[in-house]
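This structure is in structure tokens; I'll ask about it shortly.
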2 protein chains.
Amino acid sequence: MMASKVRSDVTMADVAAAAGVSRTTVSFVLNKRQAGIPEETRTRVLEAVSTLGYRPNAGARALASQRSDWIGLLTEIVTAPFAVNVIKGAKDRAWADHKYLLIASTDDNVTDAAGLADQTVQIEKLLEQRIEGLLLAATWHRAITVPDVAREVPTVLVNCFDAAGEFPSIVPDEVGGGVVATQRLVAAGHTRIGFITFEDDIPAGQGRLRGYTRALEAAGLPFEPTLVTGGDATALGGYDAANRLLDLAERPTALFCGNDRMAMGAYDAIKERGLSIPGDLAVTGFDNQELVSAYLRPALTTVALPFEEMGAAGVATLTALIQGEEVPSLQTVSCSLLERSSV
Amino acid sequence: MMASKVRSDVTMADVAAAAGVSRTTVSFVLNKRQAGIPEETRTRVLEAVSTLGYRPNAGARALASQRSDWIGLLTEIVTAPFAVNVIKGAKDRAWADHKYLLIASTDDNVTDAAGLADQTVQIEKLLEQRIEGLLLAATWHRAITVPDVAREVPTVLVNCFDAAGEFPSIVPDEVGGGVVATQRLVAAGHTRIGFITFEDDIPAGQGRLRGYTRALEAAGLPFEPTLVTGGDATALGGYDAANRLLDLAERPTALFCGNDRMAMGAYDAIKERGLSIPGDLAVTGFDNQELVSAYLRPALTTVALPFEEMGAAGVATLTALIQGEEVPSLQTVSCSLLERSSV
DNA sequence: CTGTTAGCGCCTTCAG
DNA sequence: CTGAAGGCGCTAACAG
């Protein structure tokens with residue numbers, strides 16, 4: 001099997017010739033730059049464009065106009081696929097602004113030198129394409145080290161932030177998410193609510209815990225340290241932590257799990273004791289990793305991370321930055337509750 | 001917060017001036033086109049490049065050389081994130097060939113008109129960047145409708161195929177995967193192996209079933225229709241199907257589940273009966289959706305779909321096609337068994 | 001081995 | 001309202 005058709009090579013000059021006008025005129029009608037071009041000329045040009053199958057050459061346009069309309073997006077997509085919605089949000093918002101996304105990806109959740117080097121190379125490639133701005137997106141909310149080259153162009157951080165606070169960033173409202181997850185349980189009448197947190201000290205853990213305590217406080221419920229226990233962020237970690245909570249003399253009637261994977265493990269612990277969800281124990285998760293939460297039985301009520309919105313906000317912020325506007329250094333996007341059947 | 005640094009604007013002429021040579025010479029050392037340039041000149045140029053922070057302008061280069069070195073990749077990544085490894089494979093292979101990936105994404109598993117239109121627009125944008133070839137990647141193995149514009153440039157299909165067989169395509173070896181998943185169970189000594197298939201008639205279902213029957217045959221085991229049952233491709237579908245199999249008078253001692261989500265449901269059905277995995281029932285899945293398979297308890301032995309390899313094969317095939325070589329119209333990439341703890 | 005000379009396809013003043 | 005002319009940054013013959 002071989003390649004069939006070759007790309008036509010019609011240029012603007014061809015269109016001009018076919019329409020019997022100058023290249024300037026063609027450029028004007030295509031870019032809607034000049035107001036008063038006779039309708040008749042306009043349609044003649046447009047017809048020539050479509051019959052010849054003319055397609056503007058983005059590279060040439062960028063060269064001449066010194067504007068590429070490209071925005072670069074570097075993401076660690078490969079390692080934590082569920083964050084791809086950032087791409088969707090960014091892409092849609094960019095298109096609406098007549099900007100286009102150049103997506104590059106990194107292999108790793110880099111903190112090490114090799115990863116930084118890889119990122120640098122990727123960004124350089126993006127820079128060679130003369131992107132007007134750069135979006136750096138992480139798969140999980142955390143502090144990152146921004147490669148130096150990123151400074152060559154306006155840069156916005158999505159789902160992450162730099163320790164120095166040098167770059168504008170967009171992050172999820174972990175605290176607010178913790179509040180809604182807990183409130184849902186409170187609303188269902190629970191007063192002894194366990195919280196399974198991460199043993200690692202990460203922004204998600206800190207924020208969600210704070211949300212939990214705030215919601216308790218707002219509801220006039222006491223905070224009991226024994227109801228909070230940590231584990232690693234996996235199903236096994238959740239299983240162990242849930243068992244600890246279920247072993248309590250006065251065991252909780254509801255569990256707020258730090259993430260969906262831990263909730264997956266908690267389900268096992270609960271079911272093993274012959275307890276039912278949500279009858280004996282109500283459960284809420286966090287992250288809405290659909291592969292997990294939607295297919296658990298019963299389906300898990302959880303809090304969705306606003307990846308799509310963060311992607312869109314990233315582009316909007318970047319666009320403003322490119323135009324020299326002032327932008328907030330930290331934006332927080334709220335997380336919403338997804339009601340399913342575990343409460 | 002505002003944008004800080006502006007991108008420098010050093011051009012090749014600047015480098016030439018700084019190094020005291022002509023632009024041609026700079027171009028030669030940068031592109032390694034001319035063999036015998038004095039080491040001394042070379043280093044002088046390279047130094048100028050780095051002190052000035054020169055960065056080649058890809059657009060200008062493409063314009064002059066009529067080669068963009070870009071390959072377009074259109075994927076439905078957003079809807080089925082786990083297939084992102086296609087990107088990784090494609091990217092790595094492309095970089096090795098000094099080609100770069102321009103990634104675009106579609107919102108939907110399109111078969112409808114709106115989706116096709118969206119794809120068309122995306123491809124056109126890619127074409128304006130003068131990509132030299134196009135990769136169309138699907139998230140699940142199936143027949144797709146290729147937008148007409150794709151014909152303007154060499155195109156290869158990844159994890160999908162067109163009904164007319166007009167485009168070269170790369171697909172997973174579902175049959176082979178079905179064979180290894182079944183064989184693993186046979187190797188563990190099982191002789192009554194149930195198979196949970198998809199009720200929808202899709203390539204994955206057909207292939208995996210064929211693999212199951214072949215493996216049985218190769219092992220000299222009888223094929224019993226009652227041991228094969230279908231359901232929809234979700235945890236619930238797997239749960240129901242597993243229950244049906246477990247209700248059999250002479251129940252199977254092993255279950256090959258059509259995919260990991262169904263295996264997730266099967267686990268529930270098994271555990272509810274107080275049966276243990278793999279003690280009472282061994283289980284294999286398919287797809288290796290890590291969020292599920294790695295975190296199930298016990299971790300699921302499953303078959304991994306070769307996304308990364310398919311991405312790489314796609315780029316390799318496309319590169320050949322671009323160079324006018326003959327390529328096979330259908331390539332099948334083998335699926336490998338991932339041993340965990342459920343057998 | 002290095003410099004000169006043309007464009008690549010498009011945009012953009014500036015005249016007409 | 002439309003055309004002519006120059007140039008964006010780079011590559012590629014072709015001389016020297």
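To find a chain, count down the sequence lines: A is the first, B the second, and so on, and within it residues start at 1.
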Any side-chain N or O of A:Ser27 less than 4.0 Å from the OP1 or OP2 oxygen of C:dC11?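 Looking at the OP1 and OP2 atoms of C:dC11, one of them is under 4.0 Å from a side-chain N or O of A:Ser27.
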Comparing B:Thr24 and B:Ala60 on DNA chain C - which has the more 5′ nearest nucleotide: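 Of the two residues, B:Thr24 wins.
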Need to verify one output field. Residue with the more 5' nearest nucleotide on DNA chain C, B:Ala64 or B:Ser22? B:Ser22
Whole angstrom value for the distance that separates P of D:dG9 from CD of A:Glu128: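 It works out to 15 Å between those atoms.
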Output the rounded distance in Å from CG (B:Leu52) to C1' (D:dG9).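 B:Leu52 atom CG is separated from D:dG9 atom C1' by 15 Å.
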Dump the intermediate steps for salt bridge (charged side-chain N to carboxylate O under 4.0 Å, His left out) on A:Arg55 and B:Glu124, then the final yes or no. CA-CA 8 Å; A:Arg55 202 183 297 290; B:Glu124 274 172 342; 3.8 Å; yes
Which whole-number value in Å describes the distance from B:Arg61 CZ to D:dA12 C1'?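 Going from CZ in B:Arg61 over to C1' in D:dA12 covers 14 Å.
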note: A:Asn57, atom CG; D:dG9, atom P; distance rounded to Å ~ 16 Å
Side chain to side chain contact (heavy atoms under 4.5 Å, CB included), paired with A:Trp70, selected from A:Leu126, A:Ile131, A:Leu101: A:Ile131
As an exercise, state the distance from OG1 of B:Thr319 to NE2 of B:His98, rounded to the nearest 0.5 Å.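 Rounded to the nearest 0.5 Å, the OG1-NE2 separation comes to 12.0 Å.
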Out of D:dG9, D:dT2, C:dG3, which nucleotide sits closest to the side chain of B:Thr11?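 The answer is D:dG9, which lies nearest to the side chain.
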Cationic tip of A:Lys125 within the cone over B:Tyr100's six-membered ring, i.e. under 6.0 Å and within 45° of the normal?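 Geometry flag: set, cation within 6.0 Å and 45°.
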Whole Å only: how far is the CZ atom of B:Arg23 from the P atom of D:dG9? 10 Å
Protein-nucleotide distance (A:Leu30, atom CG; C:dC10, atom C1'), rounded to Å: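 A:Leu30 atom CG is separated from C:dC10 atom C1' by 11 Å.
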May I ask you to verify whether the side chain of A:Thr41 and the base of D:dT2 hold a donor-acceptor pair under 3.5 Å? no
Checking all strands, does B:Met12 fall into the base, sugar-phosphate, or nothing category for heavy-atom contacts under 4.0 angstrom? base
Distance-only donor-acceptor test, B:Ser65 side-chain atoms vs D:dA12 base atoms, 3.5 Å: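 Side chain to base: no pair present.
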At 4.0 Å (heavy atoms only), tell me whether A:Thr25 reaches a base, stays on the sugar-phosphate, or touches nothing.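 Sugar-phosphate, no base atom in range.
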Expressed as a whole number of angstroms, how long is the span from B:Leu63:CG to C:dG9:P? 7 Å
Side-chain N,O (B:Gln66) to OP1/OP2 (D:dC10) below 4.0 Å: no
Separation of atom CG in A:Asn31 from atom P in C:dC10, rounded to whole Å: 10 Å
How long is the span from the CZ atom in B:Arg67 to the CD1 atom in B:Ile322, to the nearest 0.5 Å? 11.0 Å
